[in-house]
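Some notes on the structure that comes next.
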Amino acid sequence: QVQLVESGGGSVEAGGSLRLSCVTSGVTFCLGWFRQAPGKEREGVASISIYGDTDYADFVKGRFTASRDNVDNTLYLQMNSLNPEDTAMYYCASGPSFRCGGLLKKSDVRYWGQGTQVTVSS
């Protein structure tokens, strides 16, 4: 059974950093990070193929870095230079194939994690 379990969320001040992790039991496909702020749609943040190819949403380019360890089955999201607009619940997700074909689309997600909250104060 596929399970995605996120951790690493928390509260930081603007300009700070956080590293999210997602343990991905039974998943070897494209993986992605999404986020959803209160009252907003869930949006894609970053994707990484099984080969390590990455794609990012424009609003996180240069600040966030996705990586994965295929031996430990763990997905990571290093988030630097955080600002209050980054406050959201962050979800990891699995796509349907080895490659992501760009930023993973919400409609292509096969499995979701339960989410981890990130709060950035000004």
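All values reported here derive from a predicted model rather than from experimental measurement. We number each residue from 1, following the sequence as shown.
- No chain of hydrophobic side-chain contacts below 4.5 Å, direct or via other Ile, Leu, Val, Met, Phe, Trp or Tyr residues, connects Leu4 to Leu104.
- Hydrophobic clustering (ILVMFWY, side-chain heavy atoms < 4.5 Å, transitive): Tyr90 and Val109 are in distinct clusters.
- Considering every non-hydrogen atom in both Leu18 and Leu82, the closest pair reads N-CD1, 3.8 Å.
- In this structure, Phe59 is a member of the same hydrophobic cluster as Tyr56, with clusters built from ILVMFWY side-chain heavy atoms closer than 4.5 Å.
- Below 30°, between 30° and 60°, or above 60°: for Phe34 and Trp112 the angle between ring planes is above 60°, a perpendicular geometry.
- One hydrophobic cluster, built from ILVMFWY side chains closer than 4.5 Å, holds both Phe64 and Leu75.
- At a threshold of 4.5 Å between side-chain heavy atoms, the hydrophobic network of Ile, Leu, Val, Met, Phe, Trp and Tyr places Trp33 and Tyr111 in one connected group.
- Tyr91 carries Arg42 over the face of its six-membered ring, with the cationic atom under 6.0 Å from the centre and within 45° of the normal.
- Here the closest non-hydrogen pair linking Leu77 and Ala46 is CD1-CB, 4.2 Å.
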All N/O donor-acceptor pairs, side-chain side in residues 115-122, below 3.5 Å, sequence neighbours left out:
from: Thr116; atom 1: OG1; to: Gly9; atom 2: N; distance (Å): 3.1
from: Gln117; atom 1: NE2; to: Ala88; atom 2: O; distance (Å): 3.4
from: Gln117; atom 1: NE2; to: Thr119; atom 2: OG1; distance (Å): 3.4
from: Ser121; atom 1: OG; to: Val12; atom 2: O; distance (Å): 3.4

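- Using modelled atom types and a 3.5 Å distance limit, the side chains of Asn80 and Ser17 yield a donor-acceptor pair.
- Across all their heavy atoms, Tyr76 and Thr74 have their closest contact at CZ-CG2, 3.5 Å.
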